[in-house]
A.B. asks: 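Please see the structure below; I have some questions.
Below, each value reflects all heavy atoms present in this structure, side chains not excepted, and no hydrogens, waters or symmetry copies. Residue indices begin at 1 and follow the sequence shown.
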Amino acid sequence: MAAFDPWDPAFLADPYPSYADLRGKGRVHFYEPTRQWLVPHHADVSALLRERRLGRTYQHRFSHEDFGRTAPPAEHEPFHTLNDHGMLDLEPPDHTRIRRLVSKAFTPRTVEQLKPYVTRLAGELVDQLVQKGGGDLLTDVAEPLPVAVIAEMLGIPEADRAPLRPWSADICGMYELNPPQDVAARAVRASVEFSGYLRELIAERRENPGDDLISGLIAAHDEGDRLTEQEMISTCVLLLNAGHEATVNATVNGWYALFRNPDQLAALRADHTLIPSAIEELMRYDTPLQLFERWVLDDIEIDGTTIPRGAEIAMLFGSANHDPAVFQSPEKLDLARKDNPHISFSAGIHYCIGAPLARIELAASMTALLEKAPGLALAAEPERKPNFVIRGLEGLAVEV
């Protein structure tokens, strides 16, 4: 079994045995290479996601110096400006204000209205895959579906959508632990290019508003709900990144898990009513977001250990989703699992605002693949991305 080491290919291939080891050794562990406190148990992770003494940022209360940290390098500034104004990295009251505005676009009614569009697009993508006799499930189905849906919601013209996924992938590289210089440089470049594009699009929408989320944010701003241009840009980038990263990786991780568990795949093919519980179970079984970080704003205690203000806590979602205290036989894929309180969509004030839409997208692609490609099979063993925080595959070659 590989020890907890987010840069070790053996650990990345299967981190779950090492999580079991961490859980067995205690409720909190200091990890020197990243200077973080690792929290592996479901009950602790769930409680800490709702803990107001923790924050995604500390800059609303403290300076970098207060926390004994140095400011990010000046050359990384475009990334941090973009990232730090998105609601995922804000705390109340700014988080509350922005989330309230954005949540208007994610009401159950609005999301339900997207269902026919999502279903049609998923069907078209799978038809193309079938006509070719197979292909890469990642690039042929998993990526284009959620990217198109969120771009449609934002009102990004089809002709402009090609760079969205590369921009997103480069920016998300910065969320890995201790990202190397070349990864940081790509994230900065993508932040500059994506921000520049959105600034122009926002200006155009001010002149010619449409029935889209960007126009809605501009209208809310004009009606007195304060939303700076930078907050608009950061919100759009966050919605694109968060709006497809998890869905893309849940799709390929999920199908790879199904191919490795043929009995469960056979059960799903025989009974499509399993799709809703299958989606929840696949997101639990191989969690797309493995780790979520928060800062300690006021001292807290976990199992007799005081975690001081200024420390960083790394909540291990993948470990929490395999905690036997909560999930019976957690290492077993069980698509009919009834009691499944996984935390793949987080919890508390940072619970994923797009979770209902992600579920619709995952159900649409799974339904289309089961109906139109009933003999879908793995064509080659996939290569896992060398990432830890955002867990995915380089591709998933399939044949029909």
Side-chain angles (χ1 to χ4, degrees), residues 111 114-153 156 158 161-169 172 240-262 264-265 268-269 272 274-276 278-283 285-289 335 344 354-385 390-400:
V111 171
L114 281 167
K115 214 170 185 176
Y117 171 75
V118 176
T119 304
R120 187 183 76 248
L121 184 55
E124 290 169 0
L125 292 167
V126 173
D127 282 339
Q128 291 164 16
L129 182 78
V130 171
Q131 282 163 13
K132 292 194 300 180
D136 182 356
L137 196 63
L138 177 77
T139 54
D140 290 347
V141 178
E143 279 184 351
L145 177 64
V147 172
V149 172
I150 204 72
E152 193 75 15
M153 285 184 78
I156 296 176
E158 275 192 50
R161 292 178 187 176
L164 295 181
R165 174 64 177 162
W167 277 338
S168 173
C172 288
L240 179 85
N241 292 353
H244 80 273
E245 276 295 339
T247 312
V248 169
N249 293 316
T251 303
V252 291
N253 291 347
W255 275 96
Y256 185 42
L258 289 171
F259 292 138
R260 286 175 299 151
N261 291 270
Q264 291 297 294
L265 180 52
L268 183 60
R269 283 176 171 151
H272 292 188
L274 282 173
I275 289 173
I279 288 167
E280 303 305 316
E281 174 67 349
L282 290 165
M283 289 200 76
Y285 183 75
D286 202 5
T287 311
L289 181 70
L335 300 186
S344 300
L357 179 59
R359 288 183 168 110
I360 285 174
E361 292 168 348
L362 290 165
S365 67
M366 183 175 279
T367 302
L369 286 161
L370 290 170
E371 289 177 353
K372 296 169 181 283
L376 194 71
L378 190 64
E381 272 301 310
E383 192 180 328
R384 192 159 285 287
K385 283 187 173 174
I390 298 174
R391 181 169 172 80
L393 302 171
E394 295 285 7
L396 190 64
V398 294
E399 54 197 13
V400 177

A.B. asks: Checking side chain to side chain contact (heavy atoms under 4.5 Å, CB included) for the pair Ile156/Leu240: CA distance, chi angles, key distance, verdict?
C.D. replies: CA-CA 11 Å; Ile156 296 176; Leu240 179 85; 5.6 Å; no
A.B. asks: Nearest 0.5 angstrom please: Ser344 OG to Leu282 CG, how far?
C.D. replies: 10.5 Å
A.B. asks: Which atom pair, heavy atoms only, marks the closest approach of Val130 to Ala373?
C.D. replies: CG2-CB, 4.0 Å
A.B. asks: Can you name the side-chain hydrogen bond (donor to acceptor under 3.5 Å, both in side chains) partners of Thr287, sequence neighbours left out?
C.D. replies: Asn321
A.B. asks: Test of understanding: with side-chain contact (heavy atoms from CB on, under 4.5 Å), list the residues that count as partners of Ala169, not counting sequence neighbours.
C.D. replies: none
A.B. asks: Looking at every heavy atom in both Gly395 and Pro382, which two are closest together, and how far apart are they?
C.D. replies: O-CB, 3.3 Å
A.B. asks: Apply side-chain hydrogen bond (donor to acceptor under 3.5 Å, both in side chains) to Arg161 and list each qualifying residue two or more places apart in sequence or on a separate chain.
C.D. replies: Glu152
A.B. asks: Can you give me the closest heavy-atom contact between Val248 and Ala142, atom names plus distance?
C.D. replies: CG2-O, 3.4 Å
A.B. asks: Who are the salt bridge (Lys or Arg N to Asp or Glu O under 4.0 Å) partners of Arg260, not counting sequence neighbours?
C.D. replies: none
A.B. asks: First locate atom CG of Leu145, then atom OG1 of Thr247, and finally report the distance between them rounded to the nearest 0.5 Å.
C.D. replies: 8.0 Å
A.B. asks: The criterion is side-chain contact (heavy atoms from CB on, under 4.5 Å); which residues satisfy it with Lys115, sequence neighbours excluded?
C.D. replies: Glu112, Thr119, Ile360
A.B. asks: Please list all pairs meeting salt bridge (Lys or Arg N to Asp or Glu O under 4.0 Å) that have one or both residues in residues 354-370, counting only residues at least two apart or in different chains.
C.D. replies: Glu280-Arg359
A.B. asks: Dump the intermediate steps for side chain to side chain contact (heavy atoms under 4.5 Å, CB included) on Ile150 and Leu164, then the final yes or no.
C.D. replies: CA-CA 10 Å; Ile150 204 72; Leu164 295 181; over 6 Å; no
A.B. asks: Who pairs with Asp140 by salt bridge (Lys or Arg N to Asp or Glu O under 4.0 Å), at least two apart in sequence or on another chain?
C.D. replies: Lys132
A.B. asks: Can you list everything that forms a side-chain hydrogen bond (donor to acceptor under 3.5 Å, both in side chains) with Trp255? Sequence neighbours excluded, please.
C.D. replies: none
A.B. asks: To the closest 0.5 Å, what do you measure between OG1 (Thr251) and CG (Leu137)?
C.D. replies: 7.5 Å
A.B. asks: To the nearest 0.5 Å, what is the distance between CG (Leu396) and CD (Glu383)?
C.D. replies: 12.5 Å
A.B. asks: Tell me every residue that passes side-chain hydrogen bond (donor to acceptor under 3.5 Å, both in side chains) with Asn261, counting only those two or more places apart in sequence or in another chain.
C.D. replies: none
A.B. asks: Sequence neighbours excluded, which residues qualify as side-chain contact (heavy atoms from CB on, under 4.5 Å) partners of Arg384?
C.D. replies: Asn253, Tyr256, Asp286, Arg391, Leu393
A.B. asks: Could you pull out the closest heavy-atom pair between Pro374 and Arg269, with the gap in Å?
C.D. replies: O-NE, 2.9 Å
A.B. asks: State, yes or no, whether a side-chain contact exists between Met283 and Pro288 at a heavy-atom distance under 4.5 Å.
C.D. replies: yes
A.B. asks: So which atom in His244 and which in Pro146 form the shortest heavy-atom distance, rounded to 0.1 Å?
C.D. replies: CB-CB, 3.6 Å
A.B. asks: Quick one: pull up CG in Leu129 and OG1 in Thr139 and give me the separation to the nearest 0.5 Å.
C.D. replies: 9.0 Å
A.B. asks: To check you understand the geometry: which heavy-atom pair defines the closest contact between Ala368 and Ala122, and what is its length?
C.D. replies: CB-O, 4.0 Å
A.B. asks: Report yes or no: does Gln264 contribute a side-chain atom to a donor-acceptor pair with the main-chain N or O of Leu335 at less than 3.5 Å?
C.D. replies: yes
A.B. asks: Please name all residues satisfying side-chain contact (heavy atoms from CB on, under 4.5 Å) with Glu371, sequence neighbours left out, ordered by chain then number.
C.D. replies: His272, Thr367
